[in-house]
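Since the structure comes first, as structure tokens, the remarks are kept for the end.
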2 protein chains.
Amino acid sequence: MSEPRTDPSEIRRTITAAIRSSLIAKGHATKAELSRSLSLSFPTISKFVSLMEKEGELRSIGLDDSSGGRRAGRYAYNPDFMLGLAVYLEKEETRYSVFDCMGEAREEGIAPSVLTEGIGALQLQVEELMAKYPRMRSLAIGVPGSVKNGKIGYIPGYGRYEGLELKAYFEERLQIPVRVENDMNAAVLGFAAKADEAESASLVYLYFGNNGPGAGIMANGTILRGNTSFSGEISFVPMDGQRNFGQALQERGFLDGRTLDEVHVDAVARLVAAFTVILNPKRIVFCDSEADEALLERIGQRSRSYVPLEHLPELVHSHWPSDYLGGLKTLSLEAMISQDLFSSRTEG
Amino acid sequence: MSEPRTDPSEIRRTITAAIRSSLIAKGHATKAELSRSLSLSFPTISKFVSLMEKEGELRSIGLDDSSGGRRAGRYAYNPDFMLGLAVYLEKEETRYSVFDCMGEAREEGIAPSVLTEGIGALQLQVEELMAKYPRMRSLAIGVPGSVKNGKIGYIPGYGRYEGLELKAYFEERLQIPVRVENDMNAAVLGFAAKADEAESASLVYLYFGNNGPGAGIMANGTILRGNTSFSGEISFVPMDGQRNFGQALQERGFLDGRTLDEVHVDAVARLVAAFTVILNPKRIVFCDSEADEALLERIGQRSRSYVPLEHLPELVHSHWPSDYLGGLKTLSLEAMISQDLFSSRTEG
DNA sequence: CCAACTTAGTAAACGTGTTTAAAAAGTTAG
DNA sequence: CTAACTTTTTAAACACGTTTACTAAGTTGG
């Protein structure tokens, strides 16, 4: 009961997106290269590339050296053509980043938090940036709560955002595609994009914060949300006796901005084992502010008492804020890339 | 870097598959209905349907009553056009089922086990059935071991099958599409198909056998295999103290064909909690031979001490053998449906 | 029973990606 | 520096789903 998509505008959109994606990933390419890598005929690629160049989206960057015949023209994506905006809402502040398709930041900044103020304040901040950057073409919003289809679910401590259709709200008002995602899920997306993981990879991003631990989970290349958006609430994993993981972390006094204490190694190892047995991920990522190399080594060691070594995921650490932002950029970029060039051409 | 599929033969295959799928699901339809539900133009549907009728794949079943205008011709899928074969390898025997696109069994039977004999014996059994049913168009094989891309991985106790490219082996020799799947994964697919789960559903199928427990896991609509095909080896989930789930089941003497003992309720509840926290599935399915309604109620009760009630999955039981077979049928049917009508037309 | 209306199906024109043929632009050997 | 060869690009013919116009077949009211 799947719907084949054979309408011309859909095909055109797909081809445009493929060219954009390929050109941005590779940096530059010739028409022949695109034709080969995208499995589209040369004339089709030629038509699209020429049109996109005329629109200013692509730039010719000269001719290749000859490889035995006529020299090929080489094209690059024009990074000024479209910009993206990533906004992440935090307790104390709202952070934002304006960036181009190469991921280069054009402007980054911190604004007052809107979590207590409501959506109007956020809308003002976004509209200000859109006015300043008229080529803004997509928006990604990261929030510290559960999200499903652009709608905010449970968001502890910020009741006025609960149940809000954030994606629909901004798409209607801004007329650009909007993506909304939970912070941990964005981080796991960002890490996967950075690490250039295979499309079907499974990956877990762990965070042990002051507001209780959480995990972002990617399985078979997609973000796991679960039936009631409860996926990743690892605080409830049963441990020894009647304790759960959250309680185990707090016992013997848990961190306040400090590194994850070594006394919690066993609790984390049990968690790692549970993930291994259920998801069998390729990697589990820790925040580098919470776990260093030595600690990961100890956790890995301990995990081996629960699960055979050959099935244990690689335990790595990474910079959480960068991955979070990277994930939002990835989401924004995907939305940007799949836009139809001809749908809303109001400007000359 | 995705590859747009614009080649004519691919589009034709997609359209044919969509018509088959829709017609089989609905039982019958008119051209206009198909055109609407598949979002394809009437002339295209008309062309395909007429051709498929001429080939004998569809049958006209008369005219509808008029709904105010010319009466519409109604078409049904011919269940004799293609047959599927499901084979599942077990220790003591090989079971098989020949069935049509409606899932109706045409022949079912038991043959000697080939797990100790090797692949040659299996090939003979299959070829015999193919000779008897010349309209056999796809084969699904279920095995009690891990499978990835049609290749058998770890299969405890049957070393001669380990590492075998089962799918490639039979596709080459039989010239029909072949699917190979692990038994628990097939069961979860079968249950999902039967229960008509949403495409993005998460589902876990639990089994506590004599050879140790296992789980089939579906997340976001796809089967979870994991990085080293270790997903579902729930025997290793850490429990109280230094025990794991497998050991907890065996302590105090575990079942021999008997119902899951009530003394293991806490162990299962901890397992349920782990799944809830990581996958947050909609349902967890137990074999009805291992757990009855009353026991599920007790497990559910106990689980609530670990995880908030509103996030707990529904605990249900189902007939494992039926679900296993159903999953293989689903796989076989999918392969059948997506075949190109014109690729290998040797017969008149 | 015939005019007006409704729904199903067919035929021709159209749009768009592909295939095939030809031209353009370069390299290399003698 | 020209003949033979490569590779890139353009142009024309083709294939196939869609759109549009039209024909077929049925209903209903006067």
Distance, rounded to the nearest Å, where Asp64(A) contributes CG and dT9(D) contributes C1' = 14 Å

ask   = Which nucleotides of nucleotides 17-30 of chain D have their base under 4.0 Å from a protein heavy atom (B), which only their sugar-phosphate (S), and which neither (-), written as one string 5' to 3'?
value = SBB----BBBS---

query = Are Arg13(A) and Asp7(A) within salt-bridge range, i.e. N to O under 4.0 Å?
reply = no

task = Quickly, which of Lys151(B), Arg225(B), Lys148(B), Lys167(B) forms a salt bridge (charged side-chain N to carboxylate O under 4.0 Å, His left out) with Glu181(B)? Name it, please.
result = Arg225(B)

key: Steps toward side-chain contact (heavy atoms from CB on, under 4.5 Å) verdict (Asn220(B), Leu224(A))   = CA-CA 7 Å; Asn220(B) 285 359; Leu224(A) 240 53; 3.9 Å; yes

message = Which residues in residues 27-36 of chain A have a heavy atom closer than 4.0 Å to any atom of DNA chain C?
response = none

ask   = Once you round it to whole Å, what is the distance between C1' of dT6(D) and CG of Asp65(A)?
value = 15 Å

Quiz item: cation-pi between Arg135(B) and Tyr133(B), 6.0 Å / 45° = no

task = Give a yes or no on whether a salt bridge exists between Lys132(B) and Glu107(B), defined as a side-chain N under 4.0 angstrom from a carboxylate O.
result = yes

ask   = Is a salt bridge present between Arg74(A) and Glu33(A), judged by a nitrogen-to-oxygen distance below 4.0 Å?
value = yes

N/O donor-acceptor pair under 3.5 Å between Arg173(A) side chain and Glu127(A) backbone = no

Straight-line distance of Arg12(B) CZ to Lys47(B) NZ, nearest 0.5 Å = 9.0 Å

query = How close or far is atom P of dT16(C) from atom CG of Leu51(A), stated in whole angstroms?
reply = 12 Å

